[in-house]
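These numbers come from the heavy atoms of this one structure, side chains and all, not from hydrogens, waters or symmetry mates. Please read these numbers as outputs of a predicted model, since none were measured by experiment.
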Amino acid sequence: AQGPGLAFLKAALSTPAVAWQTWNRSTYFLLVKHKEREMDHVEKGIPPEALLRGQQEVLELVARNAPLSESLSAIAAFAERTIPDMMASILYLDPKQGKLKRGGYGKLPSSFADIVDGMVPGPVMGSCGTCAYLGERVISEDVFKDPLWNDFHDLCNTYNIRSAWSSPLMSSRGDGVLGVLGMYYPFTHAPDAADLELIDHFTHLATIAAQRHRDDEEQRFRSLHDALTGLGNRYQLEQQGAQLFDASVHAGTPLSVVFIDFDNFKTCNDSFGHVKGDELLRTIGQAMHETLQPGKLLIRFGGDEFIGIFDLPVDEVQRRLEQLRTVLTQGLTIDGMSMQMAFSGGLVGRHDGHADINQIILEADNATREAKELGGDRVLLVDARDSEQRVRRREIRQALADMLDRKQGLLNPHLQPIIDMTTSHSFNQVFFDDVRIPADLLVGQENMGWRLAKVTLGNERVSLSGGGSLWGSGPSARSEEHT
């Protein structure tokens, strides 16, 4: 009753709560040791208490969310302390790239890690690459006789590898292989039952760390990406947009921002329903990713509006936007239907007059609205001169709105009757506004197409009208009327 198994259990129960919960789910089998297995470990010089101490150290790293490389390196070092003749390697399978990436090592040098980093799993890729490919344990008792190692004899000679055992780290969420634990020996060696139990022990520890990392990666991805399109979301824009602006200012490098709003998207939703509309948005997001990347940020801003931020000059971004237009014009296939799409956009390059990323986005957004008013299916480029004019126009617009809303003593309306000289009767009246506009608001007003209404006849209420556009003259002109 007082043997190694009881001490093992007492020590396990003293493990911190978070680590214990994780340990309890994934490595419970260690608590139920047969006496002969404990004796096997003792014969090998591995007391169960030593296994538990090493395990606790690793699980504490996982519980405090240490970097994956730190946790996996601790497991590799723990395994090598337990089996002194062995060299351990733990690789993490990147789910996006489909490659085995540097995880944790003990005695093996960084030069070995550099060679193995980025290995693509395959049917004859040594023990680890083949293990990740099959999702099964691979034992190479003699690497120089095993055809899986035919292409890696130089590696084995360099690092004194003669026997290799690889075990997959299988996801508890049903996500397949998370990584691979590799164990290398300088002599030919086949595992016995006790060895296999130790392998399972270290494999489970590595799986816990890898699964925690995978879960954290997926949670972070969801927090920063749009669930429908897979592009970045507004939170990602908030987190990274300002950093990109500051880096561009500091380095003096280009930064271009495009705001995209798809034309007549509501019509698609109304005609085909929101399910097909969502599928269309997913396809649009994929097309944007393929044609506009690489870019610093590609964001679904909301609905059918998108923002792209590039560390490129505007002419290069224009070229990519034309490629996107070509793809959309050729048609996107949705459930067997070909749907042609067009978009309106505003493209702004950073210049010294910009205070922050939000100002650039606002200018791009405003240019997009104007592009829509011009009929859509176009991108308007806003240069530094346009930016200054638009800022000034916004200031004038706001000042005039304040003047009309608050009166501020700037409007002095009065009536002037119109008299019929033959009858001496008033047959109509004129409503005058004596408008006192500060001189600075009138500077450049002619260039912006402004004219002040002078008279409204009859009993209609008079208004101050703007002819032309606050955003520029030409076909896009629109009136602002205040009663």
Undergrad: Any idea how F301 and F259 line up, ring-wise: parallel (<30°), tilted (30 to 60°), or perpendicular (>60°)?
TA: perpendicular

Undergrad: When rounded to the nearest 0.5 angstrom, what is the spacing between CZ in F306 and CD1 in I284?
TA: 6.0 Å

Undergrad: Quick check: does any side chain N or O of D226 sit under 3.5 Å from a backbone N or O of I299, one acting as donor and the other as acceptor?
TA: no

Undergrad: Can you classify the ring geometry of F112 versus Y159 as parallel (below 30°), tilted (30 to 60°) or perpendicular (above 60°)?
TA: perpendicular

Undergrad: Shortest non-hydrogen contact from Q239 to L224?
TA: CG-CD2, 4.5 Å

Undergrad: Between L196 and R137, is a side-chain contact (heavy atoms from CB on, under 4.5 Å) present by the stated rule, with each step listed?
TA: CA-CA 10 Å; L196 292 175; R137 180 175 290 158; 3.4 Å; yes

Undergrad: Counting heavy atoms not belonging to K372, are there more than 12 under 6.0 Å from its NZ?
TA: yes

Undergrad: Tell me, please, which residues at least two apart from F272 pass ring pair (Phe, Tyr, Trp, His ring centres under 6.0 Å).
TA: none

Undergrad: Could you list the donor-acceptor pairs under 3.5 angstrom formed by side chains in residues 63-71, with sequence neighbours left out?
TA:
unit_1: R64; atom_1: NH2; unit_2: E70; atom_2: OE2; d: 3.1

Undergrad: Might you point out which heavy atoms bring C131 and V180 nearest each other, and give the distance in Å?
TA: SG-CG1, 4.0 Å

Undergrad: R350 versus D352: any side-chain heavy-atom pair under 4.5 Å?
TA: yes

Undergrad: Could you state the interatomic distance from CG (L205) to CG (D200), rounded to the nearest 0.5 Å?
TA: 11.0 Å

Undergrad: Looking at every heavy atom in both A367 and V382, which two are closest together, and how far apart are they?
TA: CB-CG2, 3.5 Å

Undergrad: Taking all non-hydrogen atoms of both residues, which atom of M170 and which atom of G135 are closest, and how far apart?
TA: SD-O, 4.0 Å

Undergrad: Should L255 and H354 count as side-chain neighbours, where that means a heavy-atom distance under 4.5 Å?
TA: no

Undergrad: Report yes if the side chains of P191 and I139 come closer than 4.5 Å at any heavy-atom pair, otherwise no.
TA: yes

Undergrad: Consider side-chain hydrogen bond (donor to acceptor under 3.5 Å, both in side chains). Of N264, N269, D263, D270, which one does K266 pass it with?
TA: D270

Undergrad: Please determine if R282 and D278 form a salt bridge, counting it only when a charged side-chain N lies under 4.0 Å from a carboxylate O.
TA: no

Undergrad: Measure the shortest side-chain to side-chain distance between I307 and L297 over non-hydrogen atoms and say whether it is less than 4.5 angstrom.
TA: no

Undergrad: Count the heavy atoms belonging to other residues, nucleotides or ligands that lie under 6.0 Å from NE2 of H289, then report whether that count exceeds 12.
TA: no

Undergrad: What side-chain donor-acceptor pairs closer than 3.5 Å can you find for residues 97-110, not counting sequence neighbours?
TA:
unit_1: R102; atom_1: NH2; unit_2: D114; atom_2: OD1; d: 2.2
unit_1: K107; atom_1: NZ; unit_2: P84; atom_2: O; d: 2.7
unit_1: K107; atom_1: NZ; unit_2: M86; atom_2: O; d: 3.1

Undergrad: Evaluate side-chain hydrogen bond (donor to acceptor under 3.5 Å, both in side chains) for Q286 paired with E290, printing each intermediate quantity in order.
TA: CA-CA 6 Å; Q286 182 179 353; E290 293 173 353; 3.2 Å; yes

Undergrad: For the residue pair H213 and L178, establish whether any side-chain heavy-atom pair is separated by less than 4.5 Å.
TA: no

Undergrad: Tell me whether N157 contacts the main-chain N or O of H153 through its side chain, where contact means a donor paired with an acceptor under 3.5 Å.
TA: yes

Undergrad: Does any N or O in the side chain of N366 come within less than 3.5 Å of the main-chain N or O of L362, such that one atom is a donor and the other an acceptor?
TA: yes

Undergrad: Please walk me through it: do L237 and I361 pass side-chain contact (heavy atoms from CB on, under 4.5 Å)?
TA: CA-CA 11 Å; L237 178 62; I361 292 174; 4.0 Å; yes

Undergrad: Is any side-chain N of the basic residue among D261 and R369 closer than 4.0 Å to the acidic one's carboxylate O?
TA: yes

Undergrad: Report yes or no: does R222 contribute a side-chain atom to a donor-acceptor pair with the main-chain N or O of R220 at less than 3.5 Å?
TA: no

Undergrad: Closest approach of Y92 and E217, non-hydrogen atoms and distance?
TA: OH-OE1, 2.9 Å

Undergrad: Rounded to the nearest 0.5 Å, what separates atom OG1 in T203 from atom CG in L181?
TA: 4.5 Å

Undergrad: Test side-chain hydrogen bond (donor to acceptor under 3.5 Å, both in side chains) on R300 and T229; report intermediate values, then the result.
TA: CA-CA 8 Å; R300 184 187 177 198; T229 63; 5.4 Å; no

Undergrad: Rounded at 0.5 Å granularity, tell me how far CZ in R214 sits from CG in D216.
TA: 11.5 Å

Undergrad: Walk me through it: do I309 and I357 pass the test side-chain contact (heavy atoms from CB on, under 4.5 Å)?
TA: CA-CA 10 Å; I309 300 180; I357 190 67; 4.2 Å; yes

Undergrad: Is a side-chain donor or acceptor of H225 paired with a backbone partner of F221 at a separation under 3.5 angstrom?
TA: yes

Undergrad: Does the S248 side chain pair with the main chain of T253, one donor and one acceptor, at a distance under 3.5 Å?
TA: yes

Undergrad: Got a donor-acceptor contact below 3.5 angstrom from the S166 side chain to the G182 backbone?
TA: no

Undergrad: Restricting to non-hydrogen atoms, name the atom on S140 and the atom on S163 that form the minimum distance, rounded to 0.1 Å.
TA: O-OG, 3.2 Å

Undergrad: Please check: side-chain N/O of E80 versus main-chain N/O of A88, any donor-acceptor pairing under 3.5 Å?
TA: yes

Undergrad: Taking atom OH of Y235 as the centre, report whether more than 12 heavy atoms of other residues, nucleotides or ligands fall under 6.0 Å from it.
TA: no

Undergrad: Please examine the side chains of C268 and M339, heavy atoms only from C-beta on, and report whether any two atoms are closer than 4.5 Å.
TA: yes

Undergrad: Please indicate whether R319 has more than 12 foreign heavy atoms, meaning atoms of other residues, nucleotides or ligands, lying under 6.0 Å from its CZ.
TA: yes

Undergrad: Run the side-chain contact (heavy atoms from CB on, under 4.5 Å) check on V124 and F152 step by step: do they pass?
TA: CA-CA 10 Å; V124 284; F152 303 98; over 6 Å; no

Undergrad: How long is the span from the CD atom in E316 to the CD atom in Q318, to the nearest 0.5 Å?
TA: 10.0 Å

Undergrad: Which of parallel (below 30°), tilted (30 to 60°) and perpendicular (above 60°) describes Y185 and F187?
TA: tilted

Undergrad: Using a strict threshold of under 4.0 Å (side-chain N to carboxylate O), is an ion pair present between D335 and K276?
TA: yes

Undergrad: Which value, rounded to the nearest 0.5 Å, describes the distance between L169 atom CG and I90 atom CD1?
TA: 7.0 Å

Undergrad: Would you check if there is a donor-acceptor pair between the side chains of D215 and Q211 at a distance under 3.5 Å?
TA: yes

Undergrad: I'd like to know if the side chain of S256 reaches the main chain of L312, judged simply by a donor and an acceptor atom lying under 3.5 Å from each other, with no hydrogens or angles considered.
TA: yes

Undergrad: Between H189 and D195, is any pair of side-chain heavy atoms under 4.5 Å apart?
TA: yes

Undergrad: Can you confirm whether Y133 is buried at OH, in the sense that more than 12 heavy atoms of other residues, nucleotides or ligands lie under 6.0 Å from that atom?
TA: no

Undergrad: Is any side-chain heavy atom of L380 closer than 4.5 Å to one of L374?
TA: yes

